[in-house]
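Below is one structure, written out as structure tokens; comments come after it.
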Amino acid sequence: PYHDPHCGGRQVIVHLFEWKWTDIAAECERYLGSKGFCGVQVSPANEHRVIVQGGDRPWWERYQPVSYKLVSRSGDEAQFQDMVNRCRKVGVRIYVDVVLNHMAGLGQSGTGTAGSEFNSDQRSFPGVPFGPNDFHTRSDCPSASGDVDNFQDSENVRNCNLLGLVDINGGTDYVRGKQADFLNHLIDLGVAGFRCDASKHIWPGDMAGIQSKVKDLPEGGRPFFYHEVSDFNNEAIQGSEYFGEGYVTEFRYSVKVKDGVDNLDQLLYVYDQGWNMSPSKHAFVYVDNHDTQRNGGVLTYKDGARYKRAQAFTLAYNYGFTRVMSSYYFNSNDQGPPHNGDLSTKDVTINADGSCGNGWVCEHRWKPIGNMARFRNFVSSTDHVDNWNTANGVLSFNRANLGFFAMGSNNFNEQRQTGMPAGSYCDLISDCKIKVNVDGGGNAQISPADGDDPFVAIISQQGY
Ligand code: LAG
Ligand code: CA
């Protein structure tokens with residue numbers, strides 16, 4: 001019931017990490033709408049701590065909520081509303097990262113981004129309001145330190161303080177009501193769903209209790225929910241515990257796809273049931289996210305061509321619901337978004353060649369990534385992958401007779417079976433700079449428009 005993203009059949013969400021609401025609105029209008037993106041995952045929209053260290057504001061201050069007022073580093077409520085409206089006009093929905101497991105860290109007090117006071121040690125958050133009764137107590141948590149420190153014990157994982165962040169008790173009607181009010185307010189403003197932060201640390205029954213108080217969207221249907229749960233088959237908590245509550249992030253996919261980009265035959269097994277990976281209909285998949293791109297073990301924008309291969313393949317293949325990461329350049333893990341002298345976030349600027357400036361990477365504008373959204377939208381009505389071929393280091397396959405995709409590590413020129421009806425098709429990767437001619441037997445000569453981007457993608461959609 002929580003699996004419809006409500007974006008008219010579109011299939012790709014982009015995480016515009018740390019972008020301001022004004023920039024997201026502009027990006028919907030100038031790029032995302034026309035490229036066929038379903039929606040944008042936005043950084044937490046609610047009031048959070050302000051943390052200044054070494055002349056910078058780390059990105060992670062937004063994972064320390066102070067209240068559910070919609071004033072954050074990305075903008076205020078009026079700007080948020082304007083973003084939702086403008087994106088929606090071009091067919092793009094907003095999905096909000098909601099932090100429901102905890103409030104700010106222990107030992108902290110002061111004023112949040114909306115001016116609300118707070119004191120974590122006293123469990124005092126008058127901006128909600130939450131008080132001591134709304135948090136797990138020392139006796140709820142079996143760990144010696146009070147922190148989450150034993151992932152083999154679900155009481156420890158769910159009742160203790162994650163990273164010292166004071167842990168909300170989602171077991172009461174009051175707390176569930178306050179959190180549902182927050183989500184319902186966002187629905188009133190026109191959002192289509194939620195990325196739920198740290199769901200592993202929230203009892204599935206509490207999550208279900210909150211979600212049952214969340215209303216349908218005004219146009220009908222349940223909001224789209226996807227839950228952040230990392231599961232590598234070695235802890236007490238399994239992603240499958242949350243299947244009833246929405247999609248679940250599939251961290252194992254990011255590892256599998258990294259292994260596959262340099263070993264193309266491995267890619268066929270990227271959904272590895274031997275690893276107990278989630279079935280496609282429950283799996284929320286991505287090459288990297290804002291945490292894993294800092295923690296290592298996955299491909300990121302820093303990997304260049306290999307990253308493009310992993311991301312283009314992910315969008316072409318038939319596994320899961322896909323999210324694309326869009327980053328800013330960083331050297332240290334704590335480094336916040338590009339900022340002005342007063343530490344406010346810099347605007348996203350667009351260069352003449354379509355890339356971004358001011359320190360923003362904009363992976364979603366890289367051609368083999370952004371131009372694959374249309375491909376995934378069109379082929380999603382089939383679950384088939386046919387004519388898998390990895391000869392000469394070039395992977396190609398088709399999705400029934402709807403689309404054909406090929407990629408290599410270098411420029412290539414290959415004769416391939418495309419599975420497509422005879423015709424002349426636009427190469428999506430190059431914005432139709434070249435055509436691919438398929439003969440009556442489904443065969444075509446395949447060569448990228450630009451050897452620096454060794455990909456070809458075609459679809460049998462009218463007009464392409
Ligand atoms: C998440 N998903 O389940 C977020 O994706 C992840 O980015 C969040 O951690 C985490 N859960 C909690 O919402 C991030 C940073 C942490 C940071 C935390 C709170 O990765 O490093 O912790 O946000 O700001 C920071 C300090 C810790 C400290 C804590 C409390 O790094 O050392 O203990 O604050 O003061
Ligand atoms: Ca918890």
Side-chain angles (χ1 to χ4, degrees), residues 15 17-18 41-44 46 48-54 56-66 72-73 96-110 112-113 118-121 123 130 134-137 140-143 145-151 153-172 175-176 179 194-207 209-210 226-231 235-237 239 242 248-249 251 254 284 286 288-296 323 325 327 330 332-336:
H15 179 20
F17 180 54
E18 283 290 345
Q41 177 183 317
V42 302
S43 285
N46 60 293
H48 54 87
R49 272 184 69 203
V50 177
I51 299 170
V52 180
Q53 53 176 42
D56 187 35
R57 284 173 64 177
W59 59 271
W60 44 261
E61 64 176 34
R62 300 181 73 162
Y63 293 92
Q64 301 205 23
V66 166
S72 71
R73 198 178 184 185
V96 182
D97 189 350
V98 292
V99 184
L100 303 176
N101 175 65
H102 53 262
M103 300 299 277
L106 283 168
Q108 307 298 332
S109 63
T113 46
F118 73 98
N119 185 318
S120 295
D121 290 354
R123 307 293 193 274
F130 279 156
D134 303 317
F135 292 84
H136 283 125
T137 60
D140 297 328
C141 160
S143 89
S145 64
D147 278 347
V148 174
D149 61 8
N150 179 5
F151 284 86
D153 173 5
S154 40
E155 302 260 330
N156 182 302
V157 174
R158 288 169 171 153
N159 290 351
C160 302
N161 297 323
L162 171 64
L163 300 165
L165 301 154
V166 292
D167 200 59
I168 295 170
N169 179 352
T172 70
V175 167
R176 292 176 184 182
Q179 296 195 322
F194 307 96
R195 178 260 186 194
C196 296
D197 182 74
S199 290
K200 179 193 281 187
H201 302 275
I202 298 176
W203 293 96
D206 291 349
M207 190 59 79
I210 295 162
Y226 51 105
H227 292 279
E228 188 79 359
V229 183
S230 67
D231 175 1
E235 297 179 7
I237 287 149
Y242 297 84
V248 176
T249 53
F251 281 73
S254 308
F284 192 87
Y286 43 89
D288 60 332
N289 70 20
H290 73 275
D291 293 318
T292 62
Q293 72 174 186
R294 288 171 172 73
N295 301 339
R323 176 181 60 198
M325 180 71 202
S327 318
F330 65 92
S332 81
N333 286 352
D334 287 350
Q335 188 180 325

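One-based numbering, in listed order, for ligands and for the atoms of each. Note that these values count all heavy atoms, side chains included, but never hydrogens, waters or copies made by symmetry.
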>> Are V175 and F130 packed together at the side-chain level, in the sense that at least one heavy-atom pair is separated by less than 4.5 angstrom?
In response: yes
> Closest non-hydrogen protein atom to atom 20 (O) of ligand 1, residue and atom name please, with distance?
Replying inline: W59 CH2, 3.4 Å
>> For atom 2 (N) of ligand 1, what is the closest protein heavy atom, and at what distance to 0.1 Å?
In response: D197 OD1, 2.9 Å
>> Closer than 3.5 angstrom, by distance alone: can the side chain of S120 be matched with the main-chain N or O of G105 as a donor-acceptor pair?
In response: yes
>> Closer than 3.5 angstrom, by distance alone: can the side chain of N156 be matched with the main-chain N or O of P142 as a donor-acceptor pair?
In response: no
> Judged by non-hydrogen atoms, does H227 sit under 4.0 Å from ligand 1?
Replying inline: no
>> Considering non-hydrogen atoms of the protein only, which is the closest contact for atom 7 (O) of ligand 1, and what is the distance?
In response: D291 OD1, 2.6 Å
> Which N, O or S atom name in H201 marks its closest approach to the Ca ion (ligand 2)?
Replying inline: O
>> If you take the nearest heavy atom of each of H48, R294, Q64, which one is closest to atom 19 (C) of ligand 1?
In response: Q64
> Going by the angle between their ring planes, with limits at 30° and 60°, are H15 and H290 parallel, tilted or perpendicular?
Replying inline: perpendicular
> Can an N, O or S atom be found in V148 less than 3.0 Å away from the Ca ion (ligand 2)?
Replying inline: no
> For ligand 1, is there an N or O atom under 3.5 Å from any N or O atom of L162?
Replying inline: no
>> Would the distance check show the side chain of D147 and the main-chain N or O of L163 forming a donor-acceptor pair, the cut-off being under 3.5 Å?
In response: no
>> List ligand 1 atoms under 4.0 Å from H102, heavy atoms only on the residue side.
In response: 12 (C), 13 (O)
> Hey, mind stepping through D206 and R176 against salt bridge (Lys or Arg N to Asp or Glu O under 4.0 Å) and telling me if it holds?
Replying inline: CA-CA 8 Å; D206 291 349; R176 292 176 184 182; 2.8 Å; yes
> Would you say N101 has an N, O or S atom lying under 3.0 Å from the Ca ion (ligand 2)?
Replying inline: yes
> Any N/O of R195 closer than 3.5 Å to an N/O of ligand 1?
Replying inline: yes
> Between S199 and M207, which heavy-atom pair has the shortest distance, and what is it?
Replying inline: OG-CE, 3.5 Å
> Going by atom types alone, do D197 and N101 pair a side-chain donor with an acceptor below 3.5 Å?
Replying inline: no
> Under 4.0 Å from atom 27 (C) of ligand 1, do we find at least one protein heavy atom?
Replying inline: no
>> Could you check whether any side-chain N or O of Q179 sits under 3.5 Å from a backbone N or O of L100, counting only pairs where one atom can act as donor and the other as acceptor?
In response: yes
> Just to confirm, does any protein heavy atom lie below 4.0 Å from atom 32 (O) of ligand 1?
Replying inline: no
> Quick one: nearest non-hydrogen protein atom to atom 30 (C) of ligand 1, plus distance?
Replying inline: L163 O, 3.1 Å
> Taking only heavy atoms of E228, which atoms of ligand 1 are found under 4.0 Å from at least one of them?
Replying inline: 2 (N), 3 (O)
>> Residue-level breakdown please: for L106 versus ligand 1, do any non-hydrogen atoms fall below 4.0 Å on the side chain, on the backbone, on both, or on neither?
In response: neither
>> Does N289 form a side chain to side chain contact (heavy atoms under 4.5 Å, CB included) with R323? I'd like the steps, not just the answer.
In response: CA-CA 9 Å; N289 70 20; R323 176 181 60 198; 3.6 Å; yes
> In terms of residue, atom name and distance, what is the protein heavy atom nearest to atom 24 (O) of ligand 1?
Replying inline: W60 O, 2.6 Å
>> Under 4.0 Å, counting heavy atoms only: does H290 come that close to any atom of ligand 1?
In response: yes
>> Please give me the minimum heavy-atom distance between E235 and S230, naming the atom from each residue.
In response: OE1-O, 4.3 Å
>> Suppose we screen for side chain to side chain contact (heavy atoms under 4.5 Å, CB included). Which residues come up paired with S254, at least two apart in sequence or across chains?
In response: Y286, V298
> Quick one: which ligand 1 atoms are inside 4.0 Å of a heavy atom on A198?
Replying inline: 2 (N), 3 (O)
> With a cut-off of 3.0 Å, does C160 place any N/O/S atom under that distance from the Ca ion (ligand 2)?
Replying inline: no
